[in-house]
Every structure is written in structure tokens, then in C-alpha cells.
Amino acid sequence: MKIIGPFKQIVTLDKLPLRGKINDESLEIQVNAAVLVDGEKIITIGDFEELKANNPNASIDLIDTEQVLLPALVDAHTHICFGGNRANDFAMRNAGKTYLEIAEAGGGIWSSVKHTREASEEELLKTTLERIHYLLSLGITTIEIKSGYGLNVDEELKMLRIVKKAQAQTKATLVPTCLAAHLKPKDFDGGNQEYLDYILNKILPKVKEEDLAKRVDIFIEKSAFLPEESKVFLEKAKAMGFLMTVHADQFTAGSSRVAVEVGAQSADHLEATADEDIDFLAKSNTVAIALPGASIGLGDRFAPARKLLDAGAIFAIASDWNPGSAPMGNLITQASILATFQKLTTAEVWAAMTYRAAYALGFEDRGVIAKDKKADLVSFETDNFNNVLYYQGRMSAKHTFINGEKI
């Protein structure tokens, strides 16, 4: 057993609700406290001196500066396995160019597809691990990673195999998701339905055979796949044994309903979600995930986080780190900005980046500092945990712990 501490404050996030709004007075904050861990699990939290006295044989991981401790963060939506760069897209978009104009100039998602296809496995593994390392420096220890820049059998499998190789080289928990239904590739001979059938018949069986991902995603939008065909695709993927998530309501409303109707783990984006669909989402167990990085990157509206919380939704925040619309990757910065515009409490923001985001990925063993939970923790060098969001991402993690061990 090991005692980690003392910390000026430990914010446990224990006993907070899974859904709906949370006031800051609900936060459990222990002062001058420590965590007792045994292997991967938390045993208890309490006064540092008392834990030492009651556990004389425990080793001590001494924290010798003023620090606060929180549960490690979860990023439930990323695209960090990619090749190339779309800085030119960003410049053109800010100069007033339209999506079509950027695509005609060689930009857009298809640009990332070409660069990712051209990248070697060694290059993709290197850059993916570099991005994982950056997320770990923020205190993010559980990371979802999508494919979707391959869009054919060989290249989608290449991306998912990279994620599998990356998992063998990091202590972070990686959650691969097959997003072959990102959009119909330009070099596919056939329509949307033929391409979705191609995914179901050619790509997903191999993904399943090699155990490369247990989740599928689809981008439901006028520029990608329509709600009706997407729902059929998801139901067929579900029948194959896959869990589901959906890129929903980014530019037009309605697709979050598809996510709920098929029982998806989450509906992500939601910038265009209509009020009646907010209530529909809130009555379900599908997690509503806001992606403020895309709103910032595109100069677009934010997801209606305040309305979702007030309606009782299970609400999470993820980074959407990708080379096009959300290149920043700093979840804490994005969540801090979203909180300012949507008037989210500090408790709501931390819940959205920890145990609620974990739930969106099917985990209920992390995101809270409590007995028997996974000892994934993050500390920041400050005497007031409110400073972390106040500095809007300028404060990196002092220590990130996975299974009770500093990494």
C-alpha cells in the first residue's frame, strides 16, 4: 500500500449525480489530505497524518509543494491519429473562404485522408504517441481515438492498428473507435448506401476479427450521411456487436435523435441541437458531449450546455482534437471557455471531463476519488483548485498518476 500526499485540497467529485446540473456547494473538498492506494485501486482518502499513523507499513509518495488533487481527466472524443496539417484551411477560413472553396483548394477532410494514407505506420505511431504524451501532461489518462482518415479497408485498419500499437507503448487507456463512416471517399465508386454497405461487409468484420475496436461512429450531416441511412447502418453495426457513438447535430438538427433511438453511448457536437431534441436527449442514457474545440476552431456557436444540464442530460466535454476544425487539443482551455459562455459551474465542468466522460466510454471505475475506484489522478501546483479553470489551460499538470504511479 502507498500513501500519496499531503495535498492542500483533494476534490473527490464523489457522490455527485450522473445527470443534470450540479452546484459548487456539492463538491467534497478535503484539506491537508492524502490518498491511500493499493495496486490500481483507491482504498481511502483522509487526513495525511492520520493515514500515516493508521498505516505504518505503507510507503509514502511525498508531495512536498502546495498542490491540489483531482481525478484524472477523460477525453472522450479525439482524432489524434492523423497525418499532415491543415493550417492553410484555418487561414482560408479566417479570411472568409467557404467550405467548398477550401475543399476546391485541396483542403478539408479529404486533405487529411490523403496525408494519412501517405504517412507510414512509423510516422503515424510517432505523432500519435506525441499527442498522447501531450494529453497526459494535462492530466488526461483515458483517451478515445477515432479512425476515419483512411476510408478504405487497408487504411482504416492501418489507423486502428496504430492505436493498438500505441496502447502497448503508453500507460494511458486508449479507446479506439472505427469512424470509417466519416464521409464517402472521393475515390469510392458508388453512392452513400454502397459505401456504408462496404463498411459493414468489408471493414467491420476485419475490425472485429483483429479486435481493433469495439465502437463505431458515423458523421450524420448533409455533407456526409443522412439520418435515415445512418440509422440503418448503426442498427446493423449494433447487430454485429459494436457499441455506437454519433457525430450529431453539428450544423443541422435532428441526428441526435438517431443516436438516442439506436442506444448510442454518446451524441457528440450538438451545436445545432433543437430545444425539443434537448429534452429527448435528456430523457435517455445517451451522453451529450460538447466539443468546444470545434466551435473555437470554426468560429461557430457552442453546444447548448446550460440547457442540456438544466434538462437533466448526462453531459460531458471532449476536445475533438483533429487537424481541421479543432487543432488545439487542450481540453482544459476549451472547457474553461465553454463554461464562461454557457455559465457552467466548476462542479459541472469537472464532472463533464471526468466521471461523466468516462461513462460515455463505458467506464464507471474512474473519474472519482473514492474507495475502489481506479487510482488515476492529477495534481496541479496551486493552493486553490479553482485556479485550474481560472487560468484556462495555462496550468499544466504537476503530476499525473495512473494506477497510483507517477508517469
Side-chain angles (χ1 to χ4, degrees), residues 75 77-95 97-135 143-167 169-170 174 176-189 195 198-199 202-203 206-207 212-213 216-219 221 223-225 247 250 269 291 293-294 296-298 318-330:
D75 195 339
H77 183 128
T78 84
H79 303 252
I80 60 173
C81 181
F82 63 84
N85 175 290
R86 281 161 62 188
N88 290 342
D89 287 25
F90 183 77
M92 287 189 285
R93 190 161 53 241
N94 287 349
K97 300 294 184 183
T98 66
Y99 181 89
L100 182 60
E101 288 171 330
I102 292 170
E104 288 174 345
I109 291 175
W110 188 244
S111 169
S112 292
V113 172
K114 290 192 294 184
H115 285 121
T116 303
R117 288 180 177 181
E118 291 165 0
S120 68
E121 291 190 14
E122 293 75 15
E123 181 185 349
L124 278 178
L125 179 60
K126 178 178 179 291
T127 54
T128 300
L129 285 168
E130 287 171 351
R131 293 168 193 135
I132 291 167
H133 181 75
Y134 172 72
L135 294 176
I143 306 163
E144 189 260 12
I145 305 177
K146 301 180 189 297
S147 63
Y149 296 128
L151 306 188
N152 62 36
V153 173
D154 291 342
E155 297 299 329
E156 283 293 304
L157 294 178
K158 179 178 81 171
M159 291 188 70
L160 292 170
R161 287 170 185 150
I162 292 298
V163 178
K164 193 169 188 175
K165 289 180 180 179
Q167 181 64 90
Q169 298 184 43
T170 181
L174 306 183
T177 301
C178 181
L179 179 58
H182 202 173
L183 79 168
K184 183 176 73 69
K186 290 184 178 180
D187 57 0
F188 182 82
D189 186 17
Y195 180 63
Y198 170 78
I199 296 171
K202 301 295 184 181
I203 297 179
K206 291 184 180 295
V207 171
L212 295 175
V216 298
D217 194 352
I218 187 168
F219 183 22
E221 193 54 66
S223 60
F225 300 100
H247 278 62
Q250 182 174 10
H269 271 297
L291 305 176
I296 296 166
L298 296 174
S319 74
D320 193 22
W321 188 357
N322 73 73
S325 61
M328 179 201 300
N330 191 320

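In this text, all values refer to a predicted model and were calculated from it rather than measured experimentally.
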dist His269:NE2 -> Glu221:CD (nearest 0.5 Å) comes out at 9.0 Å
>> Closer than 4.0 angstrom, basic N to acidic O: yes or no for Glu122 and Lys126?
In response: no
With under 30° as parallel and over 60° as perpendicular, where do the rings of Tyr195 and Phe225 fit, or are they tilted in between?
-> parallel
task = Compare all side-chain heavy atoms of Pro185 with those of Glu155 and state whether any distance is below 4.5 angstrom.
result = no
Original post:
Are side-chain heavy atoms of Glu156 and Cys178 found at a separation under 4.5 Å?
Top reply: yes
Closest heavy-atom pair, Gln250 versus Ala294, reported as atoms and distance to 0.1 Å, is NE2-CB, 4.4 Å
Nearest heavy-atom contact between Arg86 and Gly324 is CZ-CA, 3.3 Å
With side chains defined as the heavy atoms from C-beta onward, is the minimum distance between Val216 and Val207 less than 4.5 Å? no
Rounded to the nearest 0.5 angstrom, the CD1-NZ distance for Ile199 and Lys202 is 13.5 Å
Is the shortest heavy-atom distance from the side chain of Lys146 to the side chain of Met159 under 4.5 Å? no
Scanning both residues in full, the closest heavy-atom pair of Pro327 with Ser325 reads CD-C, 3.6 Å
Would you find a donor on one side and an acceptor on the other, under 3.5 Å apart, between the side chain of Thr128 and the backbone of Leu124? yes
Correct closest heavy-atom pair for Gly148 and His182 would be O-ND1, 3.0 Å
Check your understanding: Tell me, do Pro176 and Leu212 make a side-chain contact under 4.5 Å, heavy atoms counted?
Key -> no
Practice task
Give a yes or no on this: more than 12 heavy atoms of other residues, nucleotides or ligands lie within 6.0 Å of atom CG of Asp187.
Solution key: yes
Is there a side-chain contact between Lys158 and Arg161 (heavy atoms, below 4.5 Å)?
no
Side chain proximity check, Lys186 to Val113, heavy atoms < 4.5 angstrom: no
In terms of heavy-atom contacts, Ser319 and Ala326 come closest through O-CB, 3.8 Å
Rounded to the nearest 0.5 angstrom, the CD-CD distance for Gln167 and Gln169 is 10.5 Å
Next item on the list: Find out whether Leu135 and Trp321 are in side-chain contact, i.e. whether some heavy atom of one side chain is under 4.5 Å from a heavy atom of the other.
Entry: yes
Value for CG (Leu174) from SG (Cys81), rounded to nearest 0.5 Å, stands at 10.5 Å
Rounded to the nearest 0.5 angstrom, the CG-OG distance for Asp217 and Ser147 is 8.5 Å
Closest heavy-atom pair, Leu183 versus Leu151, reported as atoms and distance to 0.1 Å, is CD2-CD1, 3.5 Å
Side chain to side chain contact (heavy atoms under 4.5 Å, CB included) test vs Tyr134 passes for just one of Ile80, Asn330, Leu129, namely Asn330
Output for pair (Thr177 OG1, Glu144 CD), nearest 0.5 Å, gives 3.5 Å
| said: One thing to verify: whether Arg131 and Asp75 come together as a salt bridge, which I'm taking to mean a side-chain N less than 4.0 angstrom from a carboxylate O. | reply: no
- Would you check, one step at a time, whether the test side chain to side chain donor-acceptor pair (under 3.5 Å) holds for Asn152 with Tyr198? CA-CA 9 Å; Asn152 62 36; Tyr198 170 78; 5.4 Å; no
Using 30° and 60° as the class boundaries, would you call the ring planes of His79 and Tyr149 parallel, tilted or perpendicular?
tilted
